[in-house]
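Heavy atoms only: backbone and side chains are in, while hydrogens, waters and symmetry mates are out.
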Amino acid sequence: MSGRPMIELRKVSKWFGDFRALKEIDLTVAKGERIVVCGPSGSGKSTMIRIVNGLERHDAGTVVVDGIELGDDLRQVEAIRAEVGMVFQSFNLFPHLTVLQNLTLAPVWVRRMPGQEAEALAMELLERVKIPEQAGKYPGQLSGGQQQRVAIARALAMRPKAMLFDEPTSALDPEMIKEVLDVMVELAREGMTMVVVTHEMGFARTVADRVVFMDQGEIVEAAPPEEFFGAPQTGRARLFLSQILGH
Amino acid sequence: MRGVTVLAWLRANLFSSWPNALLTVATLWLLWRALPPFVDWAFLDAIWVAPDSKACRAAAGEGACWAFVAEKHRFILFGTYPYEEHWRPAAACAILVALWVASGLRRLWSWWLAPMWAAGLAAVGVLMWGGVLGLPFVENQRWGGLILTLLLTTFGLAIAFPVAILLALGRRSGMPVIQGLCVGFIELVRGVPLISLLFMASVMLPLFLPERVTIDKLLRAQIAMILFAAAYLAEVVRGGLQAIPRGQYEAADALGLSYWKKTLLVVLPQALRISIPPLVNTFIGFFKDTSLVLIIGLFDLLSTIKVSLTEPAWTGFGVEAYLFAALVYLVFCLAMSRYSQNLERELARAEAGRRT
């Protein structure tokens, strides 16, 4: 973990009206590092990772992604977005395009990749998420788990330097969670820089380099999983863990 | 077995309750009173061909005088266009209809629709104006009838539709100046009857132009109609845009797509698909609204019928004439509405949520 950090947040704050969603967040993510962000709902986890690729604008502080500072310049924001993949809770696949077209859209139109090359890449990624046979179908014809795997492949098709996951399994039926987590674990093994907002503590234990615990817009704890799960430092973290693991 | 099912169907659909049964009986009675006389008048006692109106007058309204339509159909369809050149507007009509049909077939949807339209419209222009390729020149004051209706509709919609999309996008953009301009334009044009726009274009506009600048009447009417259609279509498109979930915008943003790529590749294809029924509704309304140009002295299909009725020999056959006009309008409007229903069904099937 040397060199320039992949993602760097310094004293980042965000208000929604009078509500302060983030309070001076500091977080550095090294290249290849896997971070799991957890915390009660409304703690600002999603807001934080949405700020990283400019889906949400921060009101104060500095955000630097791969050496580019996130500011008002739309071109820079778009450049960062092309380098950082994002997977949403509700998949957000494009329903009017086939699975294959969902994957080739951005490489062709943003990266200007030739169509055939983009299709070859798309098929390779669909193999990796284990649904090449669905390439010609529309998202509406797939199960939730399949859709989320397509969404991961769609983000990977841009050959991103980092991946953000915003509660990727929260909208899935229990029996489909594993197939999505398996893909994510594999991705982590390949060395992808990942920031994952999730309540899947099993995933955090196996994959995370660090677990970041947030509450009320602040980072309360950040520690390797064995430390965080074994000996949480704060009462708030202990309470959260007991609630989420207790039953 | 069959008899039983027919009886069951009758009972379920026509006589399910007392009010329903009463309605059925009343409707049947009305049909029995109205239909046979109409069939007699329109078909059995009708005069289909006659050298002049005397035969029709002799029949004294017992039967329809379709001979009138047969006699006047050239004028009704092509207006005052030189008689021996009528094949030209006829061919132009055929080209326009062919362009619409070709654009409607989904398997023909590809980039070459654009050059096809360009070539088709150029051909229509050459045919109608002439002056080249040995075709005598015909000034556009002599254009009239069906071709004028089709031209006003085609150019009106073809130009108004992209303008409408821009207006709708502008209205939803976060930029106050653009948003204000779009809202102002839409509300202003929608708040005024089409007739007053047409009067404005034909009477008032020339007053404001320098003396030597003249824009011909057809073009001015066309511009007024484009503005009118654009304002209405813009609101239809905006409705479609509002139905697209925020997640679609975010997913496109997250992939690094710029505003225009996001709009053209992700948002509009979905928004326009949702808008098909109201869009076609507006198209049909617009097609019929072209008949209002008669008040500023342009001769569309309806005006040519009105004019042919003023000829002394044929006055008094208005019912036949307007039934004919209604039939022509009905054919076009029905085609549009059937097509949109098919398109909706096809698109829905392509993306069906059903698993295979």
Side-chain angles (χ1 to χ4, degrees), chain A residues 46 49-50 52-56 74-98 101-112 133-134 136-143 146 150-151 154-160 163-166 171, chain B residues 106-107 109-112 165 169 172-176 178 237 239-277 279 340 343-356:
Chain A
S46 289
I49 70 163
R50 287 162 61 86
V52 170
N53 71 347
L55 285 184
E56 221 59 87
L74 209 60
R75 278 178 190 283
Q76 286 198 337
V77 177
E78 279 164 16
I80 289 177
R81 284 168 175 168
E83 300 302 331
V84 179
M86 178 127 185
V87 175
F88 300 88
Q89 179 178 351
S90 48
F91 328 138
N92 295 344
L93 293 177
F94 305 130
H96 63 299
L97 301 177
T98 62
Q101 289 167 337
N102 264 277
L103 265 64
T104 54
L105 184 80
V108 168
W109 290 96
V110 181
R111 291 255 192 264
R112 311 210 163 277
E133 72 283 359
Q134 312 286 1
K137 288 194 186 166
Y138 286 91
Q141 294 166 283
L142 305 184
S143 73
Q146 290 172 326
V150 172
R154 178 176 70 177
L156 290 175
M158 287 294 283
R159 300 206 181 285
M163 288 280 287
L164 309 172
F165 293 83
D166 189 3
Chain B
R106 275 192 83 213
R107 65 197 144 81
W109 285 3
S110 68
W111 62 269
W112 57 259
I165 290 174
L169 292 172
R172 280 174 59 83
S173 80
M175 291 170 278
I178 291 180
V237 174
L241 289 174
Q242 269 168 344
I244 306 301
R246 225 167 75 109
Q248 291 291 311
Y249 291 86
E250 292 185 346
D253 281 340
L255 288 167
L257 291 166
S258 64
Y259 173 81
W260 285 109
K261 285 175 188 162
K262 171 175 68 179
T263 303
L264 289 172
L265 298 168
V266 175
V267 179
L268 274 180
Q270 297 184 62
L272 293 182
R273 207 160 290 196
I274 301 170
S275 314
I276 289 174
L279 277 176
S340 84
L343 186 62
E344 269 174 75
R345 220 171 299 143
E346 242 180 277
L347 293 176
R349 207 179 300 138
E351 287 170 28
R354 83 204 131 90
R355 312 277 292 279
T356 42

**Message:** Before you tell me yes or no, could you show the steps for B/Val267 and B/Leu169 under side-chain contact (heavy atoms from CB on, under 4.5 Å), namely the whole-Å CA-CA distance, both residues' side-chain angles and the distance that decides it to 0.1 Å?
**Reply:** CA-CA 11 Å; B/Val267 179; B/Leu169 292 172; 5.9 Å; no
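With a threshold of 4.5 angstrom between heavy atoms, B/Tyr259 approaches chain A through N, CA, C or O but not through any side-chain atom. Only the side chain of A/Phe88 comes within less than 4.5 Å of a heavy atom of chain B; its backbone N, CA, C and O stay farther away. Only the side chain of A/Arg50 comes within less than 4.5 Å of a heavy atom of chain B; its backbone N, CA, C and O stay farther away. Residue A/Leu74: no heavy atom, backbone or side chain, is found under 4.5 Å from chain B.
Closest approach of A/Phe94 and B/Gln248 over heavy atoms only: CD2-OE1, 3.1 Å. B/Val266 and B/Ala252 make their closest contact through CG2-CB, 4.1 Å (heavy atoms, listed as atom of the first residue, atom of the second, distance). When all heavy atoms are compared, the tightest approach of B/Tyr249 to B/Arg172 is OH-NH2, 3.4 Å. Between A/Ala106 and B/Leu255 the shortest heavy-atom distance is CB-CB, 3.8 Å.
Residues of residues 77-87 of chain A placed with any heavy atom under 4.5 Å of a heavy atom in chain B are listed by number as A/Glu78, A/Arg81, A/Ala82, A/Val84, A/Met86.
Contact check for A/Val150 versus A/Pro139: no side-chain heavy atoms found under the 4.5 Å cut-off. You'll find the side chain of A/Glu56 stays beyond 4.5 Å of the side chain of A/Ser46, heavy atoms only.
By the salt bridge (charged side-chain N to carboxylate O under 4.0 Å, His left out) test, A/Arg159 is found to be paired with no residue, residues two or more places apart in sequence or in another chain being considered.
Counting heavy-atom pairs closer than 4.5 Å to chain B, the top residue among A/Asn92, A/Leu93, A/Thr98 is A/Asn92.
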